[in-house]
Amino acid sequence: MDISKNFEHQQAETKWYQHWLDQQYFKSTPDEREPYTIVIPPPNVTGVLHMGHCLNNTIQDILIRRARMQGKNACWVPGTDHASIATEAKVVAMLREKGIAKSSLSRDEFLKYAWEWKEKYGGIILQQLKKLGCSLDWDRTSFTMDPDYYQSVIKVFVDLYNKGLIYRGKRMVNWDPVGQTALSDEEVIFKEIDSKLYYVHYQLADGSEGGITVATTRPETILGDVAICVNPADERYAALVGKEVIVPIINRRIPIIADEYVDAAFGTGALKITPAHDKNDNMLGLKHQLKAIDTLDATGKFTTAELLDENPSEQVLAYQGMDRFELRKKIAQDIAALGQLVKEEDYRGQVGTSERTGAIIESKLSLQWFINMTAFMDKNPQVLEDVMNDTIQFHPEKLKNTYRHWLSNIKDWCISRQLWWGQRIPAWYDSEGNFVVAATEKEAEAAYQQQFGRPSSVVGGLSQDEDVLDTWFSSWLWPMEVFKGISHPGNADARYYYPSTTLVTGQDIIFFWVARMIMAGYEYEGKRPFKDVYFTGMVRDKQGRKMSKQLGNSPDLLELIDRYGADAVRFGILIASPAGNDLLFDESSLEQGRNFNNKLWNAMKLVKMWEGRQADSPGQLADSQFAMDWFGARLQQVKQELDSLMSQFRLSEALKTVYSLIWDDFCSWYLEWVKPGFEQPISPEVYANTVRYFDELLALLHPFMPFITEELYHQLASRSTDLCTHQYSAATPPPAALLQQGELLKQVISTLREARAKNQLKPKESIRLHLQTSHPANYDSIAAVLKKQVNASELLYTTKPVANSIVVAIESEKFFIESEKAIDTDQLKAELLKDLEYQQQFLTSVDKKLANERFVQNAKPEVVEIERKKKADAEARIQTIQESLAALGA
RNA sequence: GGGAGCAUAGCUCAGCUGGUUUAGAGCAUCUGCCUUACAAGCAGAGGGUCCUUGGUUCGAAUCCGAGUGCUCCCA
């Protein structure tokens, strides 16, 4: 069979992924094995694969493939999130392009479009994950709006309501005037934005001289002012507290009050209070029993609706319908026209924006549904405790602090959204504003009858709440409901797979999702939802900037997979990904991955070349014995290292370890050591061993790079099984002496090669190697390899220096390189002198340490022993060098 | 404003409970090689005041304090 020059990834990827699917290797059903469960962080149904997904899912696939090869029942559940606001925004945009306004559609008509859109474009991302090689159990694909899932969300809402943990109330919410919906605190992104600070003068109501000047960034809310507040300790204003001032333009009389909340150092030290439009103002308003006057509507435009009692002037009425930012300028001008705008200055401040639409958030009073988080946490203290005591283990651990901090300052969760795409809130209202909460209209009717003692028809029937639930109110059930643990409690799958084993997700959704899954897990299963949480950092570009559409620095992943191959992409993204830190993505790491593919491919070609050259060859076998023994030991050693690294989730280091084992130990050392001479036969035993080692390496690498390893596994020999389901054998403790001798051999080879290079001995020029050692037995097993690796025709033991040779000292042993070529003794001497100086300085530092009585007294005996050995080694080395110099006639 | 974290080679990072030579790896750089698997390669080399500064200790990249710079989270 002809072997292609390089690994052809496209072909291999298609072939093997299909084969794995056909063999149902990714399919999992409960059995007697230990389960290893991962639920995918469900990407938005509208999403396309980006770098973050790539990192995240590569890691999950590595964990799941490794678990599968360790004999566990590996189950990785795919799925998508309906992403209410993000999806609805896309559907609205799509309709707008068709010339259809959302407002012209009924709820049902809109949802029909949305479902059509979801069927057409939704879940593209899941197909893309296949390209990356992800071994998901596709039969288990879930969607947060599947009928059962939908019902489970409704069920949980009703249940929490009945438990008194959900309430409806008029509260200050974060209002997105573009999306026209409330948002939870977590959906608000604070940004630094340049604005202006306006200094506005309010005149005293009694007509007397003076007044008070207030600094505000939001003059457009001035018509909703109900008080001016100063710090009670602020002497400047002490005399004014209790007096009234006039709000410019609208001429409302408002009091000057005092509260310690006010920072006397900010602006003028006087704060205008607009309880309808600012969270802190609202808090002060409640405390001082002030009215809230709302002057902005749901779209952020001025409305006089709540001002009509005050007989507003023509000027005020003219603002009707004006956008908040336009209004800001207009009101500033109008105040200036009154001569009450003292000054304007530039100001840079934090402004909340919507995570989804980017719009600047308004704080707005509105009637919404909330979860009482304080009560919830009192009921479920394990949510915090079990993370702090590592029942649920966070990686990296430092995120425990962040988690604790958030939970100990937790605010009520606003869960209603003024959208149509999502689970509709199961609350039912009569025409008088009474309501009941029930899963279905029928149940609602019954509940109504019971609660109010009359059928709802008396007051015109019941109508359901128009709003839907926050997306996270459905995804917090994900680890349970993908196994139908909420909709069909106690079913076999849920019992077997829950709690899941590991969650892999981004640090950015620790509050949105991770914390809430833990909450739901304890509330509904009484158990943690997962054992380990691995948090990935953010993927940034080479300059450390976030990947974004605007910057255009977000590479097209499918194109990268096409160009470098899925294995190389997986390698590249993981090798650059330090545990718990952000990842600076650079295409050069993909190149490294591709080069590694190439290396593996060529190693396979070499071994395949030997396949047909097997013949009994006792000499070749004997010469290779050490290499075989040593590599066997190295393999066990690395297997142990990998177990340890993987259990600590140090995946990047684990990959580096396998990479170096394959590239350095296997290719650069082992294969060279057993390689037969040109067109010489190879011993069948050596060949069989080599293939066996290669198999083991492929198995270790397979979770990281599944395609090329499967391909090579089948190229190397004809097989009846696949690497994908190969079972690892446990690592055995490697013999330390063998490993040590291997290190000695490597060191000797490197040092001799370096000496050859420095003396301009071409690799082809053969040498005679003389060795002066007190332990010749150490060299018996490695002599053959040593000769081959430094191109020595002979290895001779000697007891005295060899004339006209290059001298190399390694510890207390001396090597003499004898060649046809004349030796540059001056250079040799210079080298030796340099080494001598280094050794002498080193000796001095060790001596100093040993001369320190307090060191010898206080340090642990083994540490002192190490120092003594260092001293002895250095002294021996110095002696060797001096003898060599003497032999050179120095 | 509150909290958390980071600072080690040109870049990205290891360096776990202080002592394994005078600090390691990968990538990049430089030198020599188209050596019979691989130039997407091989063999070598150079490169660091472990941010600054006090302290604890026989001993500090490692522990503690202060400072500086950066990052993230929360308000």
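All heavy atoms count here, side chains included; hydrogens, waters and symmetry mates do not. Quantities reported herein were computed from a predicted structural model and do not represent experimental measurements.
Between A/Lys787 and A/Asp623 there is no salt bridge, since none of the side-chain N atoms of the basic residue sits less than 4.0 Å from a carboxylate O of the acidic one. Using a cutoff of 4.0 Å between basic side-chain nitrogens and carboxylate oxygens, A/Glu865 and A/Lys869 are not scored as salt-bridged.
B/C27 and B/A14 have their C1' atoms separated by 14 Å, given to the nearest Å. As rounded to the nearest Å, B/U17 and B/A60 have C1' atoms that lie 15 Å from one another. Spacing between B/G10 and B/A23 at atom P, rounded to whole Å, works out to 16 Å. Straight-line distance between the P atoms of B/G46 and B/G26: roughly 15 Å, to the nearest whole Å. Taking atom C1' on both B/C74 and B/G48, the two are 38 Å apart, rounded to the nearest angstrom. The P atoms of B/U35 and B/C13 are separated by 38 Å, rounded to the nearest whole Å. With C1' as the reference atom, B/A9 and B/C51 are 15 Å apart, rounded to whole Å. Comparing the C1' positions of B/A7 and B/G59 gives an interatomic distance of 24 Å, to the nearest angstrom.
As judged by a 4.0 angstrom heavy-atom cut-off over every strand, A/Lys5 is placed among residues making no nucleic acid contact. Backbone-only contact: A/Arg753 has heavy atoms under 4.0 Å from sugar-phosphate atoms and none from a base. Within 4.0 Å (heavy atoms only), A/Lys605 reaches sugar-phosphate atoms of the nucleic acid but no base atom. A/Ser589 comes within contact range of no nucleotide atom at all, as no heavy-atom separation falls under 4.0 Å. A/Tyr838 comes within 4.0 angstrom of a base, heavy atoms only. Within the 4.0 angstrom heavy-atom criterion, base atoms lie near A/Gln841. Contact annotation for A/Trp610: no contact, since no heavy-atom pair falls under 4.0 Å across all strands. Among the protein residues, A/Arg404 comes within range of no part of the nucleic acid, since none of its heavy atoms lies under 4.0 Å from any strand. Within the 4.0 angstrom heavy-atom criterion, base atoms lie near A/Asn858.
Judged by Watson-Crick or G-U wobble contacts below 3.5 Å, the nucleotide B/U71 has B/A4 as its partner. Using Watson-Crick or G-U wobble geometry with both donor-acceptor distances under 3.5 Å, B/G19 finds its partner in B/C58. Partner assigned to B/G26 is B/C11, using Watson-Crick or G-U wobble distances below 3.5 angstrom. In this entry B/U31 has B/A43 as its Watson-Crick or G-U wobble partner, both defining distances falling under 3.5 Å.
Remark: A/Lys599 is in phosphate contact with B/C42, judged by side-chain N or O atoms under 4.0 Å from OP1 or OP2. Note on A/Tyr659: a side-chain N or O is less than 4.0 Å away from OP1 or OP2 of B/C27. Between A/Trp663 and B/C42 there is a side-chain polar atom (N or O) within less than 4.0 angstrom of OP1 or OP2. Note on A/Lys675: a side-chain N or O is less than 4.0 Å away from OP1 or OP2 of B/A37. Within the structure, every side-chain polar atom (N or O) of A/Asn852 is placed at least 4.0 Å from both OP1 and OP2 of B/G59. OP1 or OP2 of B/A37 has not a single side-chain nitrogen or oxygen of A/Arg613 nearer than 4.0 Å.
If A/Glu591 and A/Glu837 are placed on RNA chain B by their nearest nucleotide, the residue sitting closer to the 5' end is A/Glu837. For the pair A/Asn602 and A/Met538, nearest-nucleotide mapping onto RNA chain B gives the more 5' position to A/Asn602.
Syn is the glycosidic conformation of B/U22, whose angle stays within 90° of 0.
Centroid-to-centroid, the aromatic rings of A/Phe631 and A/Phe666 come within less than 6.0 Å.
A donor-acceptor pair shorter than 3.5 Å cannot be found between the side chains of A/Glu653 and A/Thr657. Inspection of the A/Arg692 and A/Asn689 side chains reveals an N or O donor paired with an N or O acceptor under 3.5 Å. No side-chain N or O of A/Thr274 forms a donor-acceptor pair with one of A/Asp278 less than 3.5 Å apart. Between A/Arg634 and A/Gln637, the side chains place a donor N or O and an acceptor N or O closer than 3.5 Å (distance only, hydrogens not considered).
For the pair A/Lys849 and A/Phe855, the cation sits on the ring face: its NZ or CZ lies under 6.0 Å from the ring centre, inside 45° of the axis.
The listed nucleotides are B/C74, B/C58, B/A37; the one nearest the side chain of A/Met609 is B/A37. Of the candidate nucleotides B/A37, B/C58, B/C72, B/C58 has the atom lying nearest to any side-chain atom of A/Arg854. Of the candidate nucleotides B/C58, B/A43, B/A37, B/C58 has the atom nearest to the side chain of A/Ala859. Nearest nucleotide to the A/His405 side chain, out of B/G3, B/G15, B/G44: B/G3. Considering only the side chain of A/Gln592, B/C27 comes nearest among B/A40, B/C27, B/C13. The nucleotide whose nearest atom lies closest to any side-chain atom of A/Lys860 is, among B/A40, B/G19, B/G44, B/G19. Listed candidates were B/A45, B/A37, B/A40. Nearest to the side chain of A/Asn595 is B/A40.
In this structure, CG of A/Leu645 is placed 14 Å from P of B/C16, rounded to the nearest angstrom. Here the P atom of nucleotide B/C11 and the CD1 atom of A/Ile575 are 20 Å apart, to the nearest Å. Separating the OH atom of A/Tyr670 from the C1' atom of B/A37 is a distance of 15 Å, rounded to the nearest angstrom. Taking atom CG of A/Asp873 as the reference point, atom C1' of B/U20 lies 11 Å away to the nearest angstrom. With rounding to whole Å, A/Phe649 atom CZ is found 20 Å from B/A14 atom C1'. When rounded to the nearest whole Å, the span between CZ of A/Arg756 and P of B/G44 equals 11 Å. Note: CG (A/Asp586) to C1' (B/C27) measures 9 Å, nearest angstrom. The separation between A/Leu399 atom CG and B/C74 atom C1' is 14 Å, rounded to whole Å.
Judged by distance alone with a 3.5 Å cut-off, no donor-acceptor contact links the side chain of A/Glu672 to the base of B/A43.
Ring orientation note: the planes of A/Phe571 and A/Phe596 are tilted relative to one another, at an angle of 30° to 60°.
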